[in-house]
Amino acid sequence: MQVKTGNYNKTDQGKRRRNRASLKVILMTLMVSLVFGLTACGGSEEDTGSEEMEETGGEENTSGNNLDISATNFEFDQSEYTVESGEEVTVNLTNEQGAHGIVIDEFDVNMEGEGSTTFTPEKPGEYTIECSIPCGEGHEDMQSTLVVE
């Protein structure tokens, strides 16, 4: 009887080793999948918007009171945008990398993702444009300034 028990224990130990090895393979596969998934969510870093700056001669992306904003991970394409007071402004948001939105509290502008919206700034001044979608470690610093003249 002791011989069977001894063989049973050896067989049981072998099964445990195979189970641990299988578990390691499964965990490694999950980790690799997670890395690829997170990388895909971040988008591509190849397009930095430099072509657009060349086309406009490096000037701001505003024409009249159209406000064209491009967002990448943790920054907008410009640190400052300028519009005229008393005139309707159309904001066009494009996400070049990652998922972003914008909020300008003083004008009740809140865009959750790409799209367009309009508002009319009546009072000249400087206002903060912030990303409205938590987009990662640099989200808190993702701000630009709207200058209303």
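Model, not experiment: these values are computed from the prediction. Computed from heavy atoms alone, side chains included, the values below leave out hydrogens, waters and symmetry copies.
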For this session: Please lay out, stage by stage, how Glu114 and Thr94 fare under the test side chain to side chain contact (heavy atoms under 4.5 Å, CB included).
Result: CA-CA 5 Å; Glu114 291 186 325; Thr94 304; 3.5 Å; yes

For this session: Dump the intermediate steps for side chain to side chain contact (heavy atoms under 4.5 Å, CB included) on Glu112 and Ser132, then the final yes or no.
Result: CA-CA 7 Å; Glu112 297 289 329; Ser132 62; 3.7 Å; yes

For this session: Check the pair Asp141 / Glu75 against side chain to side chain contact (heavy atoms under 4.5 Å, CB included), numbers first and verdict last.
Result: CA-CA 8 Å; Asp141 299 321; Glu75 66 182 359; over 6 Å; no

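Inter-residue side-chain proximity for Cys131 and Phe74 is flagged as unmet; no heavy-atom pair is nearer than 4.5 Å. Considering only heavy atoms from C-beta on, Thr72 stays 4.5 Å or farther from Asp77 through its side chain.
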List, one per line, each side-chain donor-acceptor pair under 3.5 Å for residues 115-125, sequence neighbours excluded.
residue, atom, partner, partner atom, Å
Ser116, OG, Asn92, OD1, 2.6

Which side-chain N or O atoms in residues 142-149 pair as donor and acceptor under 3.5 Å with protein atoms at least two apart or in another chain?
residue, atom, partner, partner atom, Å
Gln143, NE2, Glu130, OE2, 3.0
Ser144, OG, Gln78, O, 2.6

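In terms of heavy-atom proximity, Leu93 sits nearest to Gly101 at CD2-CA, 3.7 Å.
Judged by distance alone, the side chain of Asn65 and the main-chain N or O of Glu84 form a donor-acceptor pair under 3.5 Å.
Partners of Tyr127 under the ring-ring contact (aromatic ring centres under 6.0 Å, His included) rule, at least two apart in sequence or in another chain, are Phe107.
One finds the NE2 atom of His100 at 5.5 Å from the CG atom of Asn95 (value rounded to the nearest 0.5 Å).
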